Amino acid sequence: TLAGRTDARVIWATGAAEDAAARAAVDSLLADSLTADAAVQIALLNNRRLQATFEDLGLAQADLVQAGLLSNPVFGGRSLWPTEGGPPTLGVNVALEFLDVLYLPLRKRIARSAYAAARYRVAGAVLDLAAETRMAVVRAQADAARLAMQRRIVRNARAGYTASALLREAGNVPAVDVLAEQALYEQARLDELTAEGAMVESREALARLLGLSGPDADLVLAGPLPPVPAEGGLFVRAAEADGVPTAVVDLAAIERAAVEASLELAAARADIETAAQRAGLADIEGLVPEVEIGGEAERDDGDWKAGPEVGLVLPLFDQGQARSAAARGAVRRAQALYYATAVDVRSAARTLGQRLATTRRAALHYQTTVLPLRAALVQQTLLQYNAMQTGVFGLLDAQRQEAEAAAYIRDHMTKPVAAYIAGLSAPKGRRMVHAGAIVSAFGESAQEKVEILGDAGVTIVPTPSSFGEVVAKMVT
C-alpha cells in the first residue's frame, strides 16, 4: 500500500534490535541541518502517535491468527459414590465445538477483510504524517524568512522615521509627516513581534510532528526555501488570458486520481466487506447456534462403557434476530460511510485543485505584471530622487512595495522568477549623492536586495544582456 507513494523508511518499533538502529538514524539526521526529506524520515521513525497506530495493525494481525484456530476441546470427569457404600462409578468425557470447523473459513475471511482495512488506515496515517511534516518544514522555513524580511522592514521604517525627524528639525516637513513615519515604524515593530511568534509556533509544531522535545527540539533548518519548480506538475497546463500568462488546472483529472488513490476509500470498502461477512455469519449462527460432539466413558461395577455424545443448542427463545438485525445495520452504516467518504474525497480534490488554480494565476500575475511594475517604480523613483524631483518618503515607499513583492514571491510563486539588481558594480564605499545617503540609511544595499530576493527563491541575473540565457536554463 505504500509502494510508489513514499521512499522514506518506515519501522514498527517492537523492542527489537532494529529499534536502536532507527534511533541512531534519527540522531544522525538531527546532527545536520534539517531538510524536508530528512524531517519526513525522522517523523516516520520517531513519531509516537504513528507507532501507536501501528499497534492497530498488530491487533488486526492477532485477530486474523485467532480466526484460524479451532476452539479447544473440553475435557470432563465425574465420580459418583453410592450412599450405601461400595466402589464409585467413574465417568470421563470430551467435547468439541463441531460448528467451529464449518465456520472457520468464514471467520478467516472476516478477519482478512478487517486486516486489510487496518493496513489501509495505517498506510494512510503514514502518508498523512509525511505530508504534514513536509508542509510543517516549508511553513517553518517561510516563517523564518518572513521574520528576517520583517526585521529588514523594521530597519527601513526606523530609517524613514529618523529621516523625517531630522527633516522636521530643519523645518522641511510638517509634523504630520513625522507622525506618519513613526506610525509605520511602530506598526513594523508590532509586525516583527507577530512574525517572531509565528516562527516559534511553526518550529514547535514541526518538532511535535517529529516526536522531539527538550534539546532535540532545537532544530536547525536547512537554508532558505527551495526555488519554485519550473513546471506546474500533473494536471496543470500553461495558458493565457487577456494577454497575461495563466494556468489551467484539470479539476476532473485531479478528482479521478484522488478517488483511485484514496486509501481512506479502500479502507471503507474493506469495512463493507467485513460487515457483510459478519452479517452472513450472524444469520447462520442464529439458526444453528452451537453443536458439540464428543465421547463419554463410564465405569460401573468394574466394567467400562463408552459411547458418543452430542450436544445441541435449540434456538427456541433466542433465534439470533437481534444479532442479525445489528449485523445488517452495520452493513448499511458501512455503506453510508463509504459514500460519505467518497463525497468528501471528491470535494477535497476539487477544493484543492481550485485553490491550486487560483494561487498559480495570482502568482503568474505577480510574476509578469506586478513585480515588474514595482521594480520599475523603484527605479523611476530613485531616478527622480537623484534629480531631486521626489522626496525621501516617496523612495522609501517604493522600496517597501518592492519588499512586499519579494514576500509574495516567496509565499505564492510556483514558477521561477528572475530579477536584475542595479548597483552591484558600484565601487565599495562610493556614495551617490542623495540616493547613496538613503540607501545607507535604509539598510538595503544592492547586495542586500540580492539576498532578499534570493531568500524568496528569485534567480538573480548578473547583467541585463544575460536575461535570455538565464531564463532558458530555468525552464529547461
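A quick note: this is a predicted structure, and the numbers were derived from the prediction, not measured. Nothing fancy with the numbering, it's 1 onward along the sequence.
Contact of the Tyr185 side chain with the Val154 side chain is registered, since non-hydrogen atoms from C-beta on lie closer than 4.5 Å. Val26 places a side-chain heavy atom less than 4.5 Å from the side chain of Arg23. A heavy-atom distance below 4.5 Å is not found between the side chains of Gln51 and Glu55. Using a 4.5 Å heavy-atom cutoff, the side chains of Leu30 and Leu219 are in contact. No side-chain heavy atom of Arg119 sits less than 4.5 Å from a side-chain heavy atom of Val122. Contact annotation: the side chain of Ser262 never approaches that of Val259 to less than 4.5 Å [non-hydrogen atoms, C-beta and beyond]. In this structure, Arg121 and Asp56 have side chains that are not in contact, with every pair of non-hydrogen atoms separated by 4.5 Å or more. Looking at heavy atoms from C-beta onward, Glu204 lies out of side-chain contact with Glu201 at the 4.5 angstrom threshold.
Proximity of a side-chain donor or acceptor of Gln66 to a complementary backbone N or O of Gln61 within less than 3.5 Å is not detected. In terms of modelled atom types and a separation under 3.5 Å, the side chain of Thr351 and the main chain of Ser347 share a donor-acceptor contact. Within the 3.5 Å criterion, the main-chain N or O of Tyr161 finds no donor-acceptor partner in the side chain of Gln182. No donor-acceptor distance shorter than 3.5 angstrom exists from the side chain of Asp63 to the backbone of Ala111, with no hydrogens or angles considered. In terms of modelled atom types and a separation under 3.5 Å, the side chain of Ser164 and the main chain of Glu181 share no donor-acceptor contact. Although no hydrogens or angles enter the test, the distance criterion places no donor-acceptor pair under 3.5 Å between the side chain of Glu255 and the main chain of Ala349. No donor-acceptor distance shorter than 3.5 angstrom exists from the side chain of Asp271 to the backbone of Ala334, with no hydrogens or angles considered.
Considering Asp216, Asn46, Thr133 in turn, Thr133 is the only one that fulfils the side-chain contact (heavy atoms from CB on, under 4.5 Å) rule with Leu210.
Atoms CG and CD, on Leu45 and Gln41 in that order, are 4.5 Å from each other to the nearest 0.5 Å. Atom CZ of Arg208 and atom CD of Glu132 lie 10.5 Å apart (nearest 0.5 Å). Put simply, OG1 on Thr341 and CG on Leu265 are 6.0 Å apart, with the number rounded to the nearest 0.5 Å. Taking CG of Leu206 as the start and CG of Leu221 as the end, the distance is 6.5 Å to the nearest 0.5 Å. Here the CG atom belonging to Leu337 is positioned 13.0 Å from the CZ atom belonging to Arg332, to the nearest 0.5 angstrom. Between Leu34 atom CG and Gln141 atom CD the span is 8.5 Å, to the nearest 0.5 Å.
Residues Ala327 and Ala279 approach most closely at CB-CA, 3.5 Å, considering heavy atoms. Across all non-hydrogen atoms, the minimal contact from Leu44 to Arg9 is CB-O, 3.8 Å. Considering every non-hydrogen atom in both Asp143 and Met199, the closest pair reads CB-CA, 3.7 Å. Pairing each heavy atom of Tyr338 with each of Arg269, the nearest pair is CE1-CG, 3.1 Å. When all heavy atoms are compared, the tightest approach of Ala114 to Ala60 is O-CB, 4.5 Å. Between Ala43 and Leu209, the closest heavy-atom pair is CB-O, 3.7 Å.
A salt bridge links Glu196 to Arg151: one of the charged nitrogens lies within less than 4.0 Å of a carboxylate oxygen. A salt bridge links Arg189 and Glu186; the closest N-O separation between the charged side-chain nitrogens and carboxylate oxygens is under 4.0 Å.
The number of heavy atoms from other shown groups lying within 6.0 Å of CD (Glu192) is above 12.
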> Taking it one step at a time, do Leu352 and Ile254 satisfy side chain to side chain contact (heavy atoms under 4.5 Å, CB included)?
Replying inline: CA-CA 9 Å; Leu352 293 176; Ile254 291 177; over 6 Å; no
> Going through the distances and angles, do Leu57 and Tyr115 end up as a side chain to side chain contact (heavy atoms under 4.5 Å, CB included)?
Replying inline: CA-CA 7 Å; Leu57 190 60; Tyr115 177 66; 3.5 Å; yes
> Is there a side chain to side chain contact (heavy atoms under 4.5 Å, CB included) between Gln150 and Arg146 once you walk through the steps?
Replying inline: CA-CA 6 Å; Gln150 186 60 39; Arg146 188 176 294 108; 5.5 Å; no
